[in-house]
Number of protein chains: 2
Amino acid sequence: MSNLRELPILETAATAPCCAPLAREPLTVPDAERLAVMFKALGDPVRLRLFSMVASHEGGEACVCDIQDVGVSQPTVSHHLKKLREAGLVTSERRGTWVFYKVVPEVTASLAGLLGQEG
Amino acid sequence: MSNLRELPILETAATAPCCAPLAREPLTVPDAERLAVMFKALGDPVRLRLFSMVASHEGGEACVCDIQDVGVSQPTVSHHLKKLREAGLVTSERRGTWVFYKVVPEVTASLAGLLGQEG
DNA sequence: CATCAATATTGACAGCCGTCGATTCCGGGG
DNA sequence: CCCCGGAATCGACGGCTGTCAATATTGATG
């Protein structure tokens with residue numbers, strides 16, 4: 001029932017930042033598949049806004065009720081947050097009536113390093 | 001006919017790196033829409049591999065013939081490269097029979113800064 | 001000009017995806 | 001125990017998207 005925990009992507013990607021910068025060597029097929037899931041998760045305007053709202057919120061964490069006003073219905077917001085969670089970009093935690101989402105800094109930093117200014 | 005030049009996204013995003021780091025403040029709707037196009041472009045495994053192959057190629061530039069072997073048909077490769085171009089992530093240039101793609105470093109660096117290690 | 005090699009475009013099609021309304025699940029109070 | 005509010009799930013639907021085969025375009029070369 002309560003599958004608040006998700007996929008192995010997080011374990012793999014978070015623990016091992018995954019890959020060398022894109023400018024250094026081509027991605028392997030498996031790496032490309034795992035990373036594409038994350039980029040795809042950020043590839044929707046609403047989801048990107050939700051992610052930025054969580055990331056910029058006090059302590060890098062926000063209650064759903066704080067970020068719900070993005071112009072789509074409540075089920076859609078929930079759907080998008082689930083996608084972000086499945087991609088390993090955020091985690092969720094229930095506290096009483098509310099559910100709080102927070103960013104996974106290692107993963108986003110890893111993505112940044114992938115694109116980042118090379119040497 | 002020859003619309004090798006594309007959308008204003010590049011002009012806007014490349015010239016002005018766009019936004020503060022995601023962890024600092026929420027994206028505006030227009031910013032989110034423009035950025036989502038780029039993330040979406042990287043959100044396909046084949047496209048991500050193509051991008052990494054271009055980025056890691058000698059001089060950050062590659063002939064289509066050099067990166068064509070990604071397991072999909074030639075038209076599909078062409079289609080994906082067009083998407084990357086439309087997203088402002090790469091530019092293309094014809095030299096004789098061949099077409100060369102190169103990354104737009106300012107844009108990718110801008111994306112990296114967006115996700116980057118915050119203060 | 002005819003032909004060939006390298007890319008791009010077109011048209012078609014199946015599957016995915018964002019969206020919603022309705023419903024369900026989960027905790028907290030009366 | 002019942003009800004209420006916050007959030008997730010379900011089912012449906014239209015539009016987008018990745019893919020291919022076929023064809024067109026473009027430039028080099030004989």
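So that the names make sense, note that chain A is the first sequence line, chain B the second, and so on, each numbered from 1.
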Participant: Decide whether a cation-pi geometry holds between A:R85 and A:Y101; the criteria are a distance under 6.0 Å from NZ or CZ to the six-membered ring centre and an angle within 45° of the ring axis.
Facilitator: no
Participant: Starting from P on D:dT19, measure out to NE2 on B:H79 and report it in whole angstrom.
Facilitator: 8 Å
Participant: The side chain of B:P75 is closest to which nucleotide in this list: C:dC20, D:dA22, D:dA7?
Facilitator: D:dA22
Participant: What verdict does the side chain to side chain contact (heavy atoms under 4.5 Å, CB included) test give for B:V77 and B:L81, after you've listed the backbone C-alpha separation in whole Å, the side-chain angles of each residue and the deciding distance to 0.1 Å?
Facilitator: CA-CA 6 Å; B:V77 169; B:L81 289 173; 4.0 Å; yes
Participant: Which nucleotide in the set C:dC20, D:dA7, C:dC17 lies at the smallest distance from any side-chain heavy atom of A:K40?
Facilitator: C:dC17
Participant: How many angstroms lie between NE2 in A:H57 and SG in A:C63, if you round to the nearest 0.5 Å?
Facilitator: 8.5 Å
Participant: Ignoring the backbone of B:C65, work out which of D:dA8, C:dT19, C:dT7 is nearest its side chain.
Facilitator: C:dT7
Participant: Do the side-chain N or O atoms of A:R47 get closer than 4.0 angstrom to the phosphate oxygens (OP1, OP2) of C:dC17?
Facilitator: no
Participant: In whole Å, what is the span from the CG atom of A:L84 to the P atom of C:dG18?
Facilitator: 10 Å
Participant: With sugar-phosphate meaning primed atoms plus P, OP1 and OP2, does A:H80 contact a base, only sugar-phosphate, or nothing at under 4.0 Å between heavy atoms?
Facilitator: sugar-phosphate
Participant: Compare side-chain N and O positions of A:T97 against OP1 and OP2 of C:dG28 and report whether any pair is under 4.0 Å apart.
Facilitator: no
Participant: Over how many whole Å does the gap from A:D66 atom CG to D:dG5 atom P extend?
Facilitator: 19 Å
Participant: Map B:V99 and A:G96 onto DNA chain C by nearest heavy atom, then report which one ends up closer to the 5' terminus.
Facilitator: B:V99
Participant: In whole angstrom, give the distance that lies between atom CG of B:D44 and atom P of D:dC16.
Facilitator: 18 Å
Participant: Using a heavy-atom cut-off of under 4.0 Å over every strand shown, decide if B:Y101 touches base, sugar-phosphate, or nothing.
Facilitator: sugar-phosphate
Participant: Do A:V104 and A:L48 sit in one hydrophobic cluster, given that two such residues count as connected whenever their side-chain heavy atoms are within less than 4.5 Å of each other, even indirectly?
Facilitator: yes
Participant: Of the candidate nucleotides C:dC20, D:dG6, C:dG18, which contains the atom at the shortest distance from the side chain of A:W98?
Facilitator: D:dG6
Participant: Please report the distance, rounded to the nearest Å, between CZ in B:R49 and C1' in D:dG18.
Facilitator: 15 Å
Participant: Please give me the minimum heavy-atom distance between B:I67 and B:L50, naming the atom from each residue.
Facilitator: O-CD2, 3.5 Å
Participant: Output the rounded distance in Å from CD (A:E86) to C1' (C:dC17).
Facilitator: 13 Å
Participant: For A:K83 and C:dC16, what is the distance between atoms NZ and C1' respectively, to the nearest whole Å?
Facilitator: 9 Å
Participant: Does B:S78 make a side-chain N or O approach to OP1 or OP2 of C:dT7 shorter than 4.0 Å?
Facilitator: no
Participant: Does A:R95 reach a base, just sugar-phosphate, or nothing at all? Heavy atoms under 4.0 Å.
Facilitator: nothing
Participant: With a 4.5 Å cut-off on side-chain heavy-atom distances among I, L, V, M, F, W and Y, is there a chain of contacts connecting A:V103 to A:F100?
Facilitator: no
Participant: Is the base of D:dA8 touched by the side chain of A:Q74 through a donor-acceptor pair closer than 3.5 angstrom?
Facilitator: yes
Participant: At under 4.0 Å, does any side-chain N or O of B:S73 touch on OP1 or OP2 of D:dC20?
Facilitator: yes
Participant: What is the distance from NZ of A:K82 to P of C:dT24, rounded to the nearest Å?
Facilitator: 18 Å
